[in-house]
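Here is the structure we will look at.
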Amino acid sequence: MGHGGNVIQELTTDHREVEEIFGRLEALPPGSPERKDLCDQATIELVRHSVAEEAYLYPAVREHVEDGDALADKEIEDHAKAEQLMKDLEGCRADDPRFDTLMTQLMSEIRSHVTDEEQNLFPRLEAACPPDALMKLGDKVRQAKKTAPTRPHPSAPDTPPANKLLAPGAGLVDRLRDALSGRGKES
């Protein structure tokens, strides 16, 4: 899918890509090893996406949107739940009895979060934030995703400035681990 545009277009493209991965995963029979590969791909995309949102989207929501602090706090809380589910899934094989339950919970959490962002947060931000600022945020989000971690780190900071300082280092270590293990590579 094409990336680019303002922050809302960029993040909406991410949402569609993750939903496509979820659909492929759901089409496979329980226990299929490919389900774990797709889970890993979804996790990589979701972690990168979340890190970028926490670094740039939510601070903009706090700055520009009325009641933005409460809105951003709720979204960060959603991220924490999803990140813990991804961490729990990290240690599961596709034939583990917990895998399907955890994956179903993760997909439900993500789908609810996406609906909330697209129907509530994005329209409010678009109405309150100048178009040029939304474009700059899109660029920052794309850059952040390039160096973001690819594995869940539930205890890592989720607000600036600490998250912006620590994410690139964790991302480097994660990408090295992924390269050595082959994690996230489509089969």
May I ask you to decide if [Y]'s main-chain N or O and [X]'s side chain share a donor-acceptor pair within less than 3.5 Å?
X	Y	result
Arg35	Leu28	yes
Ser112	Ser108	no
Asp67	Ala70	no
Lys36	Leu89	yes
Thr43	Cys39	yes

Exercise. How far apart are the C-alpha atoms of Arg24 and Gln41, what are their side-chain angles, what is the distance that settles it, and do they pass the side chain to side chain contact (heavy atoms under 4.5 Å, CB included) test?
Worked result: CA-CA 11 Å; Arg24 289 172 46 208; Gln41 287 177 25; 4.1 Å; yes
Is any side-chain heavy atom of [X] closer than 4.5 Å to a side-chain heavy atom of [Y]?
X	Y	answer
Tyr58	Leu71	no
Val114	Glu19	no
Leu121	Asp116	no
Ile76	Glu54	yes
His64	Pro130	yes

Which atoms form the tightest heavy-atom contact between [X] and [Y], and what is the distance?
X	Y	value
Leu106	Ala82	CD1-O, 3.8 Å
Ala42	Ile21	CB-CG2, 3.8 Å
Ala133	Cys129	CB-SG, 3.6 Å
Ser32	Ala94	O-CB, 3.1 Å
Tyr56	Leu137	O-CD2, 3.7 Å

I need the [X] [atom1] to [Y] [atom2] distance, nearest 0.5 Å.
X	Y	atom1	atom2	answer
Ser50	Glu83	OG	CD	7.0 Å
Glu126	Ile8	CD	CD1	4.5 Å
Glu45	Ile110	CD	CD1	12.0 Å
Asp100	Met107	CG	CE	8.0 Å
Gln9	Phe122	CD	CZ	11.0 Å

Exercise. Should Leu134 and Leu125 be marked as a side chain to side chain contact (heavy atoms under 4.5 Å, CB included) after you check the CA-CA gap, both sets of side-chain angles, and the distance that decides it?
Worked result: CA-CA 9 Å; Leu134 293 174; Leu125 181 63; 3.9 Å; yes
For this session: Give a yes or no on whether Arg93 atom CZ has more than 12 heavy-atom contacts from other residues, nucleotides or ligands under 6.0 Å away.
Result: no
Exercise. Under 6.0 Å from the NZ atom of Lys74, do we count more than 12 heavy atoms belonging to anything else shown?
Worked result: yes
Exercise. Is there a salt bridge (Lys or Arg N to Asp or Glu O under 4.0 Å) between Arg111 and Glu26 once you walk through the steps?
Worked result: CA-CA 14 Å; Arg111 287 171 171 153; Glu26 289 172 317; 3.0 Å; yes
Any chance the side chains of [X] and [Y] put a donor and an acceptor closer than 3.5 Å?
X	Y	value
Gln84	Asp88	yes
Glu117	His113	yes
His79	Glu75	no

Exercise. Going through the distances and angles, do Asp14 and Arg48 end up as a salt bridge (Lys or Arg N to Asp or Glu O under 4.0 Å)?
Worked result: CA-CA 10 Å; Asp14 288 352; Arg48 293 171 59 238; over 6 Å; no
For this session: Begin from the C-alpha positions of Asp73 and Arg62 and carry the test side chain to side chain contact (heavy atoms under 4.5 Å, CB included) through to its verdict.
Result: CA-CA 9 Å; Asp73 289 345; Arg62 291 180 193 283; 2.7 Å; yes
For this session: Quickly, which of Arg142, His49, Lys140 forms a side-chain hydrogen bond (donor to acceptor under 3.5 Å, both in side chains) with Glu10? Name it, please.
Result: Arg142
Exercise. Under 4.0 Å between a Lys/Arg side-chain N and an Asp/Glu carboxylate O for Arg16 and Glu118?
Worked result: yes
Exercise. Would you say Met135 and Leu57 are hydrophobically clustered, going by side-chain heavy atoms of ILVMFWY under 4.5 Å?
Worked result: no
For this session: Decide yes or no on side chain to side chain contact (heavy atoms under 4.5 Å, CB included) for Val141 and Glu53, but give the supporting numbers first.
Result: CA-CA 7 Å; Val141 162; Glu53 283 187 335; over 6 Å; no
